[in-house]
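Here is the structure we will look at.
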Amino acid sequence: MKKVDYDISKLIEIEELGDERGLLTVIEGNKSIPFEINRIFYIYNTMTGIRRGFHAHYKTRQALICVSGNCKVYLDNTKRKTDVVLDSPTKVLILEPNDWHEMYDFSPDCVLLVLASHLYDSEDYIRDYDKFIEVYKNDTVF
Ligand code: TYD
């Protein structure tokens, strides 16, 4: 496989469909996001000051959407580190398996929706940072 330098996760802006009744936003697997959706979970009622996540994956790709309120996501793909603000239901953050991620600064009304490419499997998690670096330090693009 050709080795290419790769970008940290992608932030996609999804179209907002609105009329006199209000707003509606659609996300379709393999269309507006680059994978099939096999699992959905959401994080809410997060206590003040909590930071969560602290892992990467071997296989799972994810799309993060703050459907209510706001939060921040810290990302590290071994090459670059960045912080992304999710503050709109039209912003979709794509996380590749090799994105170490930590979510923080949750507003009290934050509902963070996560669309995942794979069913839950604890074996697909890399929770040790040193292990994450070891696995992905020489990695190619996803
Ligand atoms: P955890 O991975 O600790 O959440 P975060 O990475 O956001 O800090 O998940 C909390 C608990 O929920 C943990 O016991 C695993 C369980 N869980 C599932 O059973 N299925 C899932 O799809 C997810 C995301 C978590």
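For ligands, and for the atoms within them, numbers begin at 1 and follow the listed sequence. Just so you know, these numbers come straight off a predicted model, no measurement behind them.
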Can you check whether E96's main-chain N or O pairs, donor with acceptor, with K10's side chain at less than 3.5 Å?
->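 Not confirmed, K10 side chain does not pair with E96 backbone.
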Of all the heavy atoms in F54, does at least one lie under 4.0 Å from an atom in ligand 1?
-> no
Would you say H101 contacts ligand 1, with heavy atoms under 4.0 Å as the rule?
->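 It does not; every heavy atom stays at 4.0 Å or beyond.
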Which residue holds the protein heavy atom closest to [atom], what is that atom called, and what is the gap in Å?
atom: atom 13 (C) of ligand 1; answer: Y120 OH, 4.6 Å
atom: atom 1 (P) of ligand 1; answer: R127 NH2, 4.0 Å
atom: atom 8 (O) of ligand 1; answer: G53 N, 3.1 Å
atom: atom 6 (O) of ligand 1; answer: H55 CE1, 2.9 Å

Strictly by modelled atom types, are T90 and E16 linked by a side-chain donor-acceptor pair under 3.5 Å?
-> no
Cation-pi check, R51 onto Y104 ring (under 6.0 Å, within 45° of axis) |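 Yes - R51 lies over the ring of Y104, closer than 6.0 Å to its centre and within 45° of its axis.
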Distance col, row N45:CG vs I50:CD1, nearest 0.5 angstrom, shows 12.5 Å
Between atom CZ of R61 and atom CZ of F35, what is the distance when rounded to the nearest 0.5 Å?
-> 7.0 Å
Fit a plane to each ring of H57 and H55, take the angle between them on a 0 to 90° scale, and name the class: parallel (under 30°), tilted (30 to 60°) or perpendicular (over 60°).
-> perpendicular
Name the orientation class of the two ring planes belonging to W100 and F132 (parallel below 30°, tilted from 30 to 60°, perpendicular beyond 60°).
-> tilted
Of R39, R52, Q62, the residue with the heavy atom nearest atom 7 (O) of ligand 1 is R52
Heavy-atom contacts with Y125 under 4.0 Å: which atoms of ligand 1 show up? List them by number with element.
->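 In order of number, 2 (O), 24 (C).
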If you count the atoms of ligand 1 from 1 in the order shown, which ones are under 4.0 Å from a heavy atom of F41?
-> 24 (C)
Could you check whether [atom] has a protein contact, counting only heavy atoms that fall below 4.0 angstrom?
atom: atom 15 (C) of ligand 1; result: yes
atom: atom 11 (C) of ligand 1; result: no
atom: atom 22 (O) of ligand 1; result: yes

Answer side chain, backbone, both or neither: which part of E102 comes under 4.0 Å from ligand 1, heavy atoms only.
-> neither
How far apart are the C-alpha atoms of D76 and R80, what are their side-chain angles, what is the distance that settles it, and do they pass the salt bridge (Lys or Arg N to Asp or Glu O under 4.0 Å) test?
-> CA-CA 6 Å; D76 172 352; R80 281 196 259 166; over 6 Å; no
Taking a hydrophobic cluster as the set of Ile, Leu, Val, Met, Phe, Trp and Tyr residues connected by side-chain heavy atoms closer than 4.5 Å, whether directly or through intermediates, do I126 and I133 fall within one such cluster?
-> yes
